[in-house]
Each structure stands twice: as structure tokens, then as C-alpha cells.
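What's counted below: heavy atoms across the whole structure, side chains too, no hydrogens, waters or symmetry copies. In this chain, residues are counted from 1 in sequence order.
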Amino acid sequence: MGKSERKDRINKSVGKSKKSIIKWTALTVTALLLGVGAVFAFSIPGLSKSEKVKPANGAVAIPLAKVADGNAHFYRLGDGGKDIGFFVVKGSDGALHTAFDACDVCFREKKGYVQQGDFMICKNCNKKFAINMIGRIAGGGCNPSHLNHSEDGKNVVIKVADIKPGALYF
């Protein structure tokens, strides 16, 4: 093999290495951009786990049809620069259960809850709470902190005066 052939082989090998480096760099940059994009997407209104609500006449009204599916629906009310989070979920008992998205013990961690079947799970301590037990009777300890509500036939109605004290959890 002559000097010219060796040079050609080396140049081809270097060319392949450069292409490989460019390819992996492009893939890495794309993955990073997708990851950063996902993080920012959760801070864009409408793309987070909770929906911002606006009160009218001193209360928040959420259509019953919107929360009748058995899934936890998360909301937040802005109050003095602080978002107060809460959820509404229809239990297997047919009743609606409302609570702050914070518990009486783990609220400092600001992690809230996630639903798993008929349970709400604290994302900090992983304790499970039966949805049917969320309410007035399940107070204190590591429970979803109760939030009063009423129903008017079309909406779940939560008074702003009942939501505002929950600011201490957030």
C-alpha cells in the first residue's frame, strides 16, 4: 500500500469520525432542548397540572360535568402573588371531595398529591388516602387538608373566604 492510499484511508476514517461526532452532538443538543422545553411547558398557563380559577361574587364555580369523571382535577387561585392549590374529585361513593393540594404535615415540601385509583397519594411521604374519606372527618395528620364546598346543581361552589386561609400551605 502506497503513501497515497494510506492518506486516503486516514482521511475517510477522520471524515467518518467527524460525522459521528456531529451526529451525536446534534442528538445531545436536541435531547437537552426537549428536556428544557418540557420543564418550561409546565410553567406555561394551561399546561401545568392545575388550572387557574377566577372568582365571581366571592366564590369559585366549577361545572359539575367537568369533575364528575372520578379523576382528581387540580385548580389554583391567585391571592396576593401566591397560588393556593386545591383539587376536586368525585369518589366511588358518588360524592365530591375537595381539599387543598397540601397536607397538614408535609405542606412545607410543596409537593401535593397525585391520584392513584381510589386514593390520593402524598408526593412527599407516599401515604395513601381513600378519596371517599377526604373531607371534614379526615382532619389533622398527613391528610389532604379539607376545603369546604357546596353544590348548586350545576357547579361545585367554593367560597374565596374558604380558600384564602389555605395560603399558609403554599
Side-chain angles (χ1 to χ4, degrees), residues 31-170:
L32 285 171
L33 289 173
L34 286 173
V36 169
V39 168
F40 284 112
F42 286 107
S43 64
I44 296 171
L47 291 180
S48 67
K49 82 168 187 172
S50 63
E51 179 182 327
K52 193 143 189 153
V53 291
K54 293 184 181 181
N57 302 321
V60 169
I62 301 164
L64 287 170
K66 192 171 187 178
V67 295
D69 60 2
N71 294 319
H73 296 269
F74 294 87
Y75 300 94
R76 66 189 187 288
L77 174 71
D79 181 45
K82 190 180 266 194
D83 281 344
I84 305 168
F86 61 95
F87 62 85
V88 179
V89 61
K90 185 173 185 177
S92 60
D93 60 357
L96 287 175
H97 300 270
T98 54
F100 290 104
D101 192 17
C103 74
D104 295 334
V105 175
C106 299
F107 70 91
R108 287 176 186 84
E109 302 303 321
K110 302 195 184 313
K111 293 184 180 180
Y113 292 90
V114 65
Q115 183 179 9
Q116 189 176 76
D118 288 335
F119 295 90
M120 295 303 289
I121 313 290
C122 175
K123 292 193 284 185
N124 185 59
C125 68
N126 292 317
K127 284 190 178 181
K128 289 183 172 185
F129 303 94
I131 290 170
N132 293 348
M133 297 302 295
I134 294 172
R136 296 178 208 273
I137 57 172
C142 192
N143 275 293
S145 188
H146 176 66
L147 176 60
N148 286 325
H149 77 276
S150 61
E151 299 171 37
D152 68 5
K154 293 189 288 186
N155 298 297
V156 177
V157 180
I158 306 171
K159 294 177 186 172
V160 171
D162 289 331
I163 298 172
K164 283 189 173 193
L168 67 96
Y169 295 115
F170 302 92

Could you measure the distance from the CG atom of Asp118 to the CD1 atom of Ile131? Nearest 0.5 Å is fine.
6.0 Å
The reported gap from OH in Tyr113 to NZ in Lys49 (rounded to nearest 0.5 angstrom) is 10.5 Å
Taking the side chain from [X] and the backbone from [Y], do they hold a donor-acceptor pair closer than 3.5 Å?
X: Thr98; Y: Leu147; result: yes
X: Gln115; Y: Ala72; result: yes
X: His97; Y: Ile134; result: yes
X: Asp69; Y: Asn71; result: yes
X: Lys123; Y: Lys111; result: yes
X: Arg76; Y: Ile84; result: no
X: Asp152; Y: Asn155; result: yes

May I have the step-by-step check of side chain to side chain contact (heavy atoms under 4.5 Å, CB included) for Ile163 and Val60, ending in yes or no?
CA-CA 9 Å; Ile163 298 172; Val60 169; 3.9 Å; yes
Could you please spell out the steps behind the side chain to side chain contact (heavy atoms under 4.5 Å, CB included) verdict for Tyr75 and Ile62?
CA-CA 10 Å; Tyr75 300 94; Ile62 301 164; 3.3 Å; yes
Within the supplied structure, the quantity of interest is the number of heavy atoms (other residues, nucleotides, ligands) at a distance under 6.0 Å from Lys127 NZ; does it exceed 12?
no
If you count the non-hydrogen atoms of other residues, nucleotides and ligands that lie under 6.0 Å from NZ in Lys164, is the total more than 12?
no
Closest approach of [X] to [Y] (non-hydrogen atoms, all atoms of both residues):
X: Val157; Y: Ala59; value: CG1-CB, 3.8 Å
X: Cys125; Y: Cys122; value: N-SG, 3.5 Å
X: Ala102; Y: Phe170; value: CB-CZ, 3.9 Å
X: Leu77; Y: Pro55; value: CD1-CD, 3.6 Å
X: Cys106; Y: Asn124; value: SG-ND2, 3.3 Å

Taking side-chain hydrogen bond (donor to acceptor under 3.5 Å, both in side chains) as the test, write out the residues that go with Lys52, two or more places apart.
Asp83
Output field: ring centroids Phe74/Phe87 closer than 6.0 Å
yes
Is the shortest heavy-atom distance from the side chain of Val67 to the side chain of Val89 under 4.5 Å?
no
No-hydrogen, no-angle side-chain donor-acceptor test under 3.5 Å, Asn132 and Ser92
yes
Pair Leu64-Glu151, side chain to side chain contact (heavy atoms under 4.5 Å, CB included): steps then yes or no
CA-CA 8 Å; Leu64 287 170; Glu151 299 171 37; 3.9 Å; yes
Side chain to side chain contact (heavy atoms under 4.5 Å, CB included) between Lys128 and Gln116, worked out:
CA-CA 9 Å; Lys128 289 183 172 185; Gln116 189 176 76; 3.6 Å; yes
Please state whether the rings of Tyr169 and Phe107 are parallel, tilted or perpendicular, taking 30° and 60° as the class boundaries.
perpendicular
